[in-house]
Number of protein chains: 2
Amino acid sequence: MREAWIVSVPTSMYGLGVDKRERLIESTRELLWERGYVGTSPKAIQERSGAGQGSMYHHFQGKSELALAAIGRDAEDLRARAEAEFAGPGTAIERITVYVRRERDILKGCPVGKLTQDPEVMADPELRKPVEEYFGWLTGRLAELFDEGRAAGELAPELDPLATATALVAMLQGGYVLARAAGSPDVFAKAVDGALGLLATKEN
Amino acid sequence: MREAWIVSVPTSMYGLGVDKRERLIESTRELLWERGYVGTSPKAIQERSGAGQGSMYHHFQGKSELALAAIGRDAEDLRARAEAEFAGPGTAIERITVYVRRERDILKGCPVGKLTQDPEVMADPELRKPVEEYFGWLTGRLAELFDEGRAAGELAPELDPLATATALVAMLQGGYVLARAAGSPDVFAKAVDGALGLLATKEN
DNA sequence: GTCTATACGGGGATAGAC
DNA sequence: GTCTATCCCCGTATAGAC
């Protein structure tokens, strides 16, 4: 039993209860990624998580509250992974390249970026907030790196760091779009090649 | 009566009938743009078009057939508008810039690009086909222009035309994503600035 | 061609028993 | 905490009358 080594906490917060709650959130993440918010039903979430109606409505008020938990985790995971790459070794441009070239689930798309195409996510300020914050953070962080790279002479001095960062993030998001349209991840790679080609300075 | 000046054609193809069919398609285009395919119901289409159940199922077999007609028009419209800009006056880079800077309904997004995020559109080969073809055409056409610009000495010779074109199209599609996430069209403009800034770096 | 009537399952949630 | 029963409206389509 998992409770065996857990001491003096309310039983209600541990054991199977937590697992169901956990599974509900994780199942919702998967479904939002695969089908979007409008395309995801409470019933589908229940089936995938193995929880029943009562369980789901015990832990969450409804579909949107569950989605909020799921989206929050998506954004936090992506942020943490990106930050690990940004904080790694190498020059600014090298770290950006590592981030951009990282392995991705191309045809599934970006779990957060996809949400911007969902009318009900965008219409609900609570759901839109984590999406907005994630992209705001990512763009700002990349702008810092471009600034750093420019100062170090790795980058053309006339480039605007924020505009360049925005273009790069947009290119990645659009890369998913094009790859899905083509039904092939190669198009994403092609877009990345194009972007890095533009970033490369003459000396390099 | 509109039939007054139409001679010797089956009545069934003209008059109110055509208008309903037309309105059904146009309403579907709007709804697909606003809510996606999974988020659009036949009922909503009927209400917006002013047609009843019987009318809709007389002209189309069902939702997907209607969507196919709507998506086909979307793609053709976008293609025609882009081609008009590509075939305009100016150098290759100038024509690309005109296209990229053209006024857009940023917060609504790209009516065709958005469809790539819809699970049911991507799962249906018939519906995905016009989406795939549109982006294939657009990328190829821009690659031709980049090639032309390179040959004319406007661009650095080391740029790969196809990769650059892919990156540019991706940047536009991603610009919509970021603008929607931020709730502001300015982000799209920022991404465009960044992309054109990078291209300027490669000008001779 | 268009309408109304009808069908059946699913979406999203509540109620109350265990 | 979790389950089953129940609710009501919507999604998607067919049938048949006008």
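All heavy atoms count here, side chains included; hydrogens, waters and symmetry mates do not. In what follows, every chain begins at residue 1, and chains take the letters A, B, ... in the order their sequences are listed. Because the structure is a prediction, the values reported are computed rather than measured.
- Comparing dC3(D), dA13(D), dT4(D) by their closest approach to the side chain of Q53(A) singles out dT4(D).
- Of the listed nucleotides (dC3(D), dC3(C), dT12(D)), dC3(C) has the atom at the smallest distance from the side chain of S55(B).
- The separation between I45(B) atom CD1 and dC10(D) atom C1' is 14 Å, rounded to whole Å.
- A cation-pi arrangement, defined by a distance under 6.0 Å to the six-membered ring centre and an angle within 45 degrees of its axis, is absent between R73(A) and Y134(A).
- Note: CD (E47(A)) to C1' (dT2(D)) measures 17 Å, nearest angstrom.
- Whole-Å rounding puts the L66(B) CG to dG11(D) P distance at 15 Å.
- Atom CE in M56(A) sits roughly 16 Å away from atom P in dT4(D) (whole-Å rounding).
- Distances were taken from every side-chain heavy atom of H59(B) (C-beta onward) to each of dT2(D), dA13(C), dT2(C); the shortest belongs to dT2(C).
- At least one test fails for R95(A) against the ring of F146(A): distance under 6.0 Å to the centre or angle within 45° of the axis.
- As judged by a 4.0 angstrom heavy-atom cut-off over every strand, T40(A) is placed among residues touching the sugar-phosphate backbone only.
- Mapping V38(A) and G54(B) onto DNA chain C by nearest heavy atom places G54(B) at the nucleotide closer to the 5' end.
- Whole-Å rounding puts the K43(A) NZ to dA5(D) P distance at 13 Å.
- Between the side chain of T116(A) and the main chain of G113(A), a donor-acceptor pair closer than 3.5 Å is present.
- A salt bridge does not link E26(B) to R23(B): none of the charged nitrogens lies less than 4.0 Å from a carboxylate oxygen.
- Going from atom CZ of F60(B) over to atom C1' of dA13(D) covers 16 Å, rounded to whole Å.
- The NZ-C1' distance, from K63(B) to dG10(C), rounds to 13 Å in whole Å.
- Counting only heavy atoms from C-beta on, P42(A) has its side chain closest to dG11(C) among dT14(C), dG11(C), dA13(D).
- In terms of phosphate contacts, H58(B) brings no side-chain nitrogen or oxygen within less than 4.0 Å of OP1 or OP2 of dC3(C).
- As a whole-Å value, the separation of Y57(B) OH from dA5(C) P is 18 Å.
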